[in-house]
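Report on the structure given below.
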Amino acid sequence: MAVPLRSYLGGRVFGELSGGPGPLMVALHGWGRDHRDFSASLSGYSHLLVDLPGFGASPPPGEAWGAAGYAACMAAVLDEHASPEPAVIL
């Protein structure tokens with residue numbers, strides 16, 4: 001069962017976490033989208049769905065980010081959910 005939208009990184013990133021079979025699936029939405037794009041398709045699997053900063057429920061970063069900023073943010077979120085098994089990034 002998925003945990004309702006919750007905060008990561010002290011309220012800078014919001015998302016949904018759910019247990020299930022297999023490795024943790026981490027879904028990254030497209031530009032102008034949010035975590036709901038993956039809710040139905042990953043509902044039966046272990047997953048972490050996030051609203052990247054500035055999208056969905058997550059507040060925007062203080063300044064515009066490029067790919068490196070979003071990658072650093074996701075690395076920190078993944079650190080909060082460290083697992084002995086590698087995550088699958090979608």
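Note that this is a predicted model, so its numbers are computed, not measured.
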Heavy-atom closest pair, residues [X] and [Y]:
X   : Y   : answer
L48 : L24 : N-CD1, 3.7 Å
C73 : P53 : SG-CG, 3.7 Å
P21 : G44 : CD-O, 3.1 Å
P23 : P86 : CB-O, 3.8 Å

Spacing of [atom1] belonging to [X] relative to [atom2] belonging to [Y], to within rounding of 0.5 Å:
X   : Y   : atom1 : atom2 : result
E80 : L17 : CD    : CG    : 10.5 Å
E85 : S46 : CD    : OG    : 9.0 Å
S7  : R12 : OG    : CZ    : 9.5 Å
Y45 : F38 : OH    : CZ    : 14.5 Å
Y8  : S58 : OH    : OG    : 10.0 Å

Option from V26, L42, L28 for which side-chain contact (heavy atoms from CB on, under 4.5 Å) with L90 holds:
L42

Could you walk me through whether H35 and F14 satisfy the ring pair (Phe, Tyr, Trp, His ring centres under 6.0 Å) test, starting with their C-alpha distance in whole Å, then the side-chain angles of each, then the deciding distance to 0.1 Å, before giving a yes or no?
CA-CA 9 Å; H35 79 280; F14 287 80; over 10 Å; no

From CA spacing to verdict: side chain to side chain contact (heavy atoms under 4.5 Å, CB included), L9, V77
CA-CA 7 Å; L9 300 178; V77 169; 3.6 Å; yes

Suppose the criterion is side chain to side chain donor-acceptor pair (under 3.5 Å): which pairs have a residue in residues 23-34, not counting sequence neighbours?
R33-D37, D34-R36

